[in-house]
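Note that this is a predicted model, so its numbers are computed, not measured. Residues: numbered from 1 along the sequence shown.
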Amino acid sequence: MKNILIVDDAEINRDILKEIFKNNFTVYEASDGAEALRMIDTYGEKLSLILLDLIMPVMSGMQVLEKLNEMGLISRIPVIVITGESTPESDERAYECGAADIIYKPFASGVVMRRALNIIELYEQRNDMEKALLSKTREVMEFQRKLEKNNEFLINALSSVVEFRSLESGEHIQRVKSFSKIILEKWKELNPDCGFSEEDIKLMVEASALHDIGKIGIPDKILLKPGRLTAEEFETMKTHTTIGCELLERFKQEDSDFYRYCRDICRYHHERYDGGGYPDGLVGEEIPIWAQIVSVVDVYDALVSPRVYKDPYDIDTAFNMIYDGECGTFSPKVLDCLRSAREEIVSTTNKFD
């Protein structure tokens, strides 16, 4: 049996209403607003309906409505205002405070019962729909979480093919992702008008894993060469930027931010701010900022990591080489981010060692 709370300072009104509802509900009573709130604290959302008088001592019905709003219960428990002294202003105020209906004294038992049942049914349907929607939302979010995890696995697996071919440890991808996340977040902090959302940064970080995917198409004799490349070999090595884009083009998704980040990072992560990079010789802000950021962290990781053609540089030397332009020219703003995030970059580098 459903529970109903009748709140009225006039005992005769409570008796009349109790008589109307006693066969269909368990009826609780309160003679003022303060007592009503104590009853609500006790029974909470077990109440199916509150019948509330407006004019009462100690605490008025309007104050009770305001408290129910503060407690977040007004959307869960329907309230029907019962009044014999209403005005258009008081009625409007009651509705503004969340009253579901207003019934005027004297009571017509059949009308009161029908309106009460209709309101209860309406709220129950709405609450059931909200619960169903919440459950479905959780299911969708869990599915999305699993999908993102699977996508991340596939991206990492695909990008690691290159490292496997080049006999590297496989940590370069993870380091580039970690460093990219640090610098992208620092860029957002230092440039609050950049428009990057957390989702944007997440996609850019995932896209950074594919920056060297085009090396799949580079011959082993060049990719694995332990010494300095000849000019002709270097020209072949440079094509990994365009080969990667050709691979990505096969999986192109129109209007996909992720595809755009992947393509830009793959093609432009060897461009330089002064136009001295490749493959397109872009200058300055012609280079997308996400590609600029992956570019500088890719260089940093290449400097501090061992390669078949060199020993690793120490961290301080690597930073100074980048600052001094020994690895090409980078945006002053990107270098400011690198300087600002240096401590976190160093800490992350040491965690991988």
Side-chain angles (χ1 to χ4, degrees), residues 147-166 172-185 187-188 191 194-218 223 234-302 327-331 333-334 337:
L147 184 62
E148 288 176 353
K149 199 170 186 66
N150 290 339
N151 287 345
E152 183 178 2
F153 170 79
L154 292 173
I155 290 167
N156 289 339
L158 179 62
S159 57
S160 296
V161 170
V162 174
E163 294 188 337
F164 182 80
R165 276 195 64 217
S166 58
H172 175 62
I173 298 300
Q174 297 307 317
R175 289 195 296 263
V176 166
K177 288 175 66 176
S178 297
F179 299 148
S180 294
K181 185 174 188 293
I182 292 169
I183 302 299
L184 283 163
E185 289 177 344
W187 179 269
K188 181 180 179 181
N191 302 275
C194 68
F196 288 176
S197 67
E198 289 303 313
E199 180 64 18
D200 291 329
I201 291 176
K202 183 177 179 180
L203 293 177
M204 292 172 193
V205 170
E206 289 303 313
S208 73
L210 297 173
H211 68 285
D212 272 343
I213 191 64
K215 286 184 178 178
I216 290 174
I218 302 299
L223 189 66
F234 185 57
E235 288 301 315
T236 300
M237 178 64 81
K238 285 161 55 173
T239 63
H240 78 275
T241 55
T242 52
I243 291 171
C245 287
E246 290 170 8
L247 288 172
L248 292 172
E249 182 73 20
R250 301 180 186 185
F251 307 101
K252 182 177 180 180
Q253 294 177 315
E254 296 295 338
D255 301 322
S256 167
D257 288 337
F258 182 62
Y259 169 78
R260 177 163 57 98
Y261 298 145
C262 287
R263 180 191 177 281
D264 288 350
I265 289 170
C266 186
R267 186 175 187 93
Y268 303 133
H269 71 282
H270 283 291
E271 297 288 357
R272 292 296 180 261
Y273 202 70
D274 62 352
Y278 62 86
D280 300 315
L282 301 184
V283 178
E285 300 312 316
E286 292 177 351
I287 311 166
I289 186 57
W290 39 90
Q292 293 187 49
I293 287 172
V294 173
S295 175
V296 76
V297 301
D298 183 42
V299 166
Y300 168 79
D301 190 60
C327 307
T329 306
F330 296 98
S331 158
K333 286 187 175 181
V334 171
C337 288

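- The shortest distance between side-chain heavy atoms of Ile183 and Val294 does not fall below 4.5 Å.
- Side-chain N/O atoms of Glu249 and Tyr259 include a donor and acceptor closer than 3.5 Å.
- Lys333 meets the side chain to side chain donor-acceptor pair (under 3.5 Å) test with no other residue; sequence neighbours excluded.
- Counting only heavy atoms from C-beta outward, the side chains of Arg272 and Val299 approach each other to under 4.5 Å.
- Salt bridge status for Lys181 with Glu185: present, with a side-chain N to carboxylate O gap under 4.0 Å.
- Although no hydrogens or angles enter the test, the distance criterion places no donor-acceptor pair under 3.5 Å between the side chain of Gln292 and the main chain of Val334.
- For the atom pair CD1 (Ile216) and NE2 (His240), the distance works out to 11.5 Å, reported to the nearest 0.5 Å.
- Counted by atom type alone, His269 and Asp212 present one or more donor-acceptor pairs between their side chains at under 3.5 Å.
- Side chain to side chain, Ser295 and Asp298 fail the donor-acceptor criterion of an N or O pair below 3.5 Å.
- Once rounded to the nearest 0.5 Å, the distance linking NZ of Lys177 with CE of Met204 reads 15.0 Å.
- Here the side chains of Arg260 and Asp257 are in contact, with some heavy-atom distance below 4.5 Å.
- For the side chain to side chain donor-acceptor pair (under 3.5 Å) test, residues two or more places apart in sequence or in another chain that qualify with Asp301 are His172, Arg175, Ser305.
- Atom-to-atom distance recorded for Leu248:CG and Ile265:CD1 is 10.5 Å, nearest 0.5 angstrom.
- We find the OG-CD1 distance between Ser208 and Ile173 to be 7.5 Å, quoted to the nearest 0.5 Å.
- The side-chain heavy atoms of Thr242 and Pro279, taken from C-beta on, include a pair separated by under 4.5 Å.
- Ala207 and Phe258 get closest at one heavy-atom pair: N-CE1, 3.6 Å.
- In terms of modelled atom types and a separation under 3.5 Å, the side chain of Asp280 and the main chain of Leu282 share no donor-acceptor contact.
- From Tyr278, atom OH reaches atom CZ of Arg267 across 12.5 Å, with rounding to the nearest 0.5 Å.
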Kindly indicate, with the supporting measurements, whether the criterion side-chain contact (heavy atoms from CB on, under 4.5 Å) is fulfilled by Leu223 and Met237.
CA-CA 8 Å; Leu223 189 66; Met237 178 64 81; 4.2 Å; yes
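- In this structure, Ile289 and Trp187 have side chains that are in contact, with non-hydrogen atoms separated by less than 4.5 Å.
- Using a distance-only test at 3.5 Å, with no hydrogens or angles considered, a donor-acceptor pair links the side chain of Glu286 to the main chain of Val283.
- For the pair Cys266/Thr241, no side-chain contact is recorded, criterion being any heavy-atom separation below 4.5 Å from C-beta on.
- With a 6.0 Å cutoff to the six-membered ring centre and a 45° limit on the axis angle, Lys188 does not count as a cation-pi contact of Phe196.
- More than 12 non-hydrogen atoms from other residues, nucleotides or ligands lie less than 6.0 angstrom from NZ of Lys238.
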Let me see the working for Glu285 and Tyr273 under side-chain hydrogen bond (donor to acceptor under 3.5 Å, both in side chains), right down to the final yes or no.
CA-CA 8 Å; Glu285 300 312 316; Tyr273 202 70; 2.7 Å; yes
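- Trp290 contributes atom CH2, which lies 12.0 Å from atom CD1 of Ile201 (distance to the nearest 0.5 angstrom).
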List the steps, then state whether side-chain contact (heavy atoms from CB on, under 4.5 Å) holds for Ile218 with Ile243.
CA-CA 9 Å; Ile218 302 299; Ile243 291 171; 4.2 Å; yes
